[in-house]
Number of protein chains: 2
Amino acid sequence: ELVQALSSCCSTNALLQGKRVLITAGPTREAIDPVRFLTNRSSGKMGYAIAKAATAMGAQVTLISGPVALECPPRVQRIGVESAADMLVATQAHATDADIFIATAAVADYTPISVAAQKIKKNADVLELAMKKTTDVLATIKLAHPQLFTVGFAAETNDVMAYARGKLERKGLDMIAANSVADGKAFDQPTNALEVVWKDGHTSLPEMDKHTLAHELLKLVAAQYHTRKPFA
Amino acid sequence: ELVQALSSCCSTNALLQGKRVLITAGPTREAIDPVRFLTNRSSGKMGYAIAKAATAMGAQVTLISGPVALECPPRVQRIGVESAADMLVATQAHATDADIFIATAAVADYTPISVAAQKIKKNADVLELAMKKTTDVLATIKLAHPQLFTVGFAAETNDVMAYARGKLERKGLDMIAANSVADGKAFDQPTNALEVVWKDGHTSLPEMDKHTLAHELLKLVAAQYHTRKPFA
């Protein structure tokens, strides 16, 4: 294990040494009633791979995770949450201490306006579910902590690059990693490809397994982080 | 393994010998757009435990399963499905050959009227999701196959027994197993308790692990099945 740790980390070990990295991962669940909920196809694999890779690069990692079927990586502090509202509260509580925030979670954009206290019966032919916007975790955290180096994710089915740069600017992010989820790509798959965009540059990481991709992404994150904060 | 198999099966081995048992399990997912869906808290554990127990009692088991994080039990034929519509089609295809049908799946009662082709953007402050009733898998199968010995499940948050007997009569079922899912009970838990109801009787199976419960339930199913069909 020591040999493996040494061989896998030597080239990138120091990159995040001693940095506190806060990561969100997985989907959220928005309750409709006690048994039904809205969710999405995020498996959490990308976020968990980043948590593992950041730990291997010397970071202290806190992972705020929605419900997923994954084991917590060794030495990572995991905090389990369910809804978008839960995720916001947990992330706010840990953002103050963080150096880098990487938001991979597929947080629900909408949540039911009211939650039924009892299981809704199958009576009405048509049911209208009224939903309201959730509070944007990424934008809220960046607004409250402008100095926090913040990396967003964007999963889009179309116009991936245009949405990515738009999201970067609109939310004032330091970096964004965008992927296409059209045709079942990325979500719940072992591989992924990313377009990584920052203020004055971008690069493409071609399709590879999510663990290798996590390392490559963190190398870019570390490079930009140390460029912005050369004395950190 | 042989010793374990012999010791665990001797008392109940013959009960379903050669019977073809069709089981549905797990939740369904009803797509809203390419990444979001409606679902429920069913883990599939009860259905998978029944599939395993029925196999141990000598049955040939076909398991129609929604998306779950469970291994298929040995010697069980599993058919994976996603939506309520998928589950209906797969169940119809296998009902003709079955002797006993046990419907544990938490099939969605409602599904979006239309599915967005692209990921819905977070623009509108309020989003109205219009949903229509799904076709009732259990009632449809029983209507098409009145001679098929059919066991329903009911998961209710309130008035469990009243709903159970109502469902038994309304859908013309042979037996129904009802549980309370109030306060997080049953769904995704290792234990469960059931109220088992048939035309002229009922019995309570107290809280126990789902594998033991599956065996106890199948003993009741086999007894009623052989009472109705003494020469089968």
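Quick note: numbers below take in every heavy atom, side chains included, and nothing from hydrogens, waters or symmetry partners. Within every chain, numbering begins at 1; the chains are lettered A, B, ... in the order of the sequence lines, protein sequences first and strands thereafter.
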Practice task
Could you tell me which non-hydrogen atom of A:L129 sits nearest to which non-hydrogen atom of B:M131, and how far apart they are?
Solution key: CB-CE, 3.9 Å
Problem - Those residues that, when tested against A:F153, pass ring pair (Phe, Tyr, Trp, His ring centres under 6.0 Å) (two or more places apart) - result: none
Problem - Heavy-atom contacts under 4.5 Å, residues 32-45 of chain A to chain B - result: A:I32, A:P34, A:V35, A:R36, A:F37, A:L38, A:T39, A:N40, A:R41
Exercise for the section: Measure from NZ or CZ of A:K119 to the centre of the six-membered ring of B:Y163, then state whether that distance is under 6.0 Å and the direction lies within 45° of the axis. Expected result: no
Fill in the blank from the handout: Contacts satisfying side-chain hydrogen bond (donor to acceptor under 3.5 Å, both in side chains) that involve residues 62-77 of chain A (not counting sequence neighbours) are A:Y48-A:S65, A:T62-A:Q77
Exercise for the section: Give the member of B:D136, B:N123, B:I120 that has the highest number of heavy-atom pairs under 4.5 Å with chain A. Expected result: B:N123
Exercise for the section: Using a cut-off of 6.0 Å, state whether more than 12 heavy atoms not belonging to B:K142 lie near its atom NZ. Expected result: yes
Problem - Between B:R29, B:K132, B:E30, B:K122, the one whose heavy-atom pairs under 4.5 Å with chain A are most numerous - result: B:K122
Handout entry: Closest heavy-atom pair and its distance - B:A130, A:E128
Key = CB-OE2, 3.6 Å
Handout entry: Proximity breakdown for A:A124 and chain B, heavy-atom pairs closer than 4.5 Å
Key = both
Handout entry: Proximity of residues 108-116 of chain A to chain B, residues having a non-hydrogen atom under 4.5 angstrom
Key = A:D109, A:Y110, A:I113
